[in-house]
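Heads up, the thing below is written out as structure tokens.
All figures in this text were calculated on a predicted structure; none of them were measured in a lab.
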Amino acid sequence: MTQLADYGAQMTRIASEMRKQSDDTEAALRSMTKYAVDAIPGAEYATVTLVTGGAIETPVMVGDLGGKSDLLQQELGEGPCVRAAVDDLTVLVEDMRTETRWPKFAPAATDLGIRSMACFCLYIDGDDFGALNLHSTEPNSFTPEARQLGELFAAHAATALGAVQEKQQLRAALSSRDIIGQAKGMIMERYKLDSAEAFALLARLSQDTNTKLVDVAAQIVEAGPEAV
């Protein structure tokens, strides 16, 4: 219990470092996989699997073997990473050579040299899912303690990832507001309109061209005042 408590404190520090070091989602995921390999006993390689709108992708990985494993699951449409992400489970493969749950994936992963895996659900957000996946070239690499620590790590990492995503969304919103403000100012100057009238003109351009308001504003700012 003391060791687990100590590990929990370590995970809190790691999550804090992830939030400090990462300015965007991909950077946060990259930090997550690196820390996972360093912190969880038995892990040699790590990847993050994202399932977005039914599409499976692996934005970051530590080690080529993990990336090849994820690519196999994308091609075959089955495997422990997808199962962990979508079903909110911790999925353990003790020995890939005797694994029967994924009849296509297991033999192909065995040929790659993968012997054991542990996959942890990171989050479920509507139709979007994520999983942290650990790989080893040795069978039975992930002890019950390692699995418990992995679940703890995934919980802390998911919290840190959520904080990074919120910051990224806030920056995007502020950036969009700034661009719209610039475009509105250019229209006000060019056509001698007030703020409400300039915004209404932007909105009408957006609707008439079926283009997002911020994209219309960006086009105006990029083109310059003479093009308004």
Test log, rule side-chain contact (heavy atoms from CB on, under 4.5 Å), inputs F129 and V82: CA-CA 9 Å; F129 311 91; V82 178; over 6 Å; no
M96 and L112: side-chain contact (heavy atoms from CB on, under 4.5 Å), yes or no, with the steps? CA-CA 10 Å; M96 196 67 72; L112 286 178; over 6 Å; no
Set out, in order, the CA-CA distance, both residues' side-chain angles and the distance that settles side-chain contact (heavy atoms from CB on, under 4.5 Å) for D64 and Y45, then state yes or no. CA-CA 8 Å; D64 290 341; Y45 308 93; over 6 Å; no
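L65 is not connected to V37 by any chain of hydrophobic side-chain contacts under 4.5 Å among Ile, Leu, Val, Met, Phe, Trp and Tyr, and they are in different clusters. There is no path of hydrophobic side-chain contacts, each under 4.5 Å, that joins M188 to L205. Hydrophobic clustering places M32 together with F120 (ILVMFWY residues linked when any side-chain heavy atoms are closer than 4.5 Å, directly or through intermediates). By the criterion of side-chain heavy atoms lying less than 4.5 angstrom apart, applied directly or through intervening Ile, Leu, Val, Met, Phe, Trp or Tyr residues, L92 is not grouped with F105; the two fall into different hydrophobic clusters. Tracing side-chain contacts under 4.5 Å through hydrophobic residues (I, L, V, M, F, W, Y), one never reaches L89 starting from L50; they form parts of separate clusters.
Residues T47 and H135 have side chains in contact (heavy-atom distance under 4.5 Å, counting atoms from C-beta outward). Proximity of C81 to M117: side-chain heavy atoms (C-beta onward) are separated by under 4.5 Å at one or more points. For the pair P139 and R97, the minimum side-chain heavy-atom distance is below 4.5 Å. When side chains are defined from C-beta on, V91 counts as touching R101, because their heavy atoms get closer than 4.5 Å. Counting heavy atoms from C-beta outward, L71 and E75 have side chains that approach closer than 4.5 Å. When side chains are defined from C-beta on, P80 does not count as touching N133, because their heavy atoms never get closer than 4.5 Å.
Side-chain contact, T49 with Q73: no donor N or O sits under 3.5 Å from an acceptor N or O. For the residue pair E94 and S116, no side-chain donor N or O sits within less than 3.5 Å of a side-chain acceptor on the partner. Between the side chains of Q74 and T58, at least one donor-acceptor pair of N or O atoms lies under 3.5 Å.
In this structure, the side chain of E78 engages the main chain of K104 through a donor-acceptor pair within 3.5 Å. E99 places no side-chain N or O within donor-acceptor distance of the main-chain N or O of V93, the cut-off being under 3.5 Å. At distances below 3.5 Å, at least one donor-acceptor pair connects side-chain atoms of T110 with backbone N or O atoms of A106. Between the side chain of R147 and the backbone N or O of F142, at least one donor-acceptor pair lies under 3.5 Å.
What you find for V221 and A183 is that their closest heavy atoms are CG2-N, 3.7 Å. Here the closest non-hydrogen pair linking A84 and C119 is CB-CB, 3.6 Å. Minimum interatomic distance between A217 and I180 (heavy atoms only, all atoms of both residues): CB-CA, 3.8 Å.
Here the CG-CD distance, from L213 to Q207, works out to 11.5 Å after rounding to the nearest 0.5 Å. With values rounded to the nearest 0.5 angstrom, Q148 atom CD is found 15.5 Å from F153 atom CZ.
Ion pairing of K34 with D38 is present here, as a side-chain N (NZ or NE/NH1/NH2) and a carboxylate O approach within less than 4.0 Å.
Within a 6.0 Å sphere centred on CD of E189, other residues, nucleotides and ligands contribute 12 heavy atoms or fewer.
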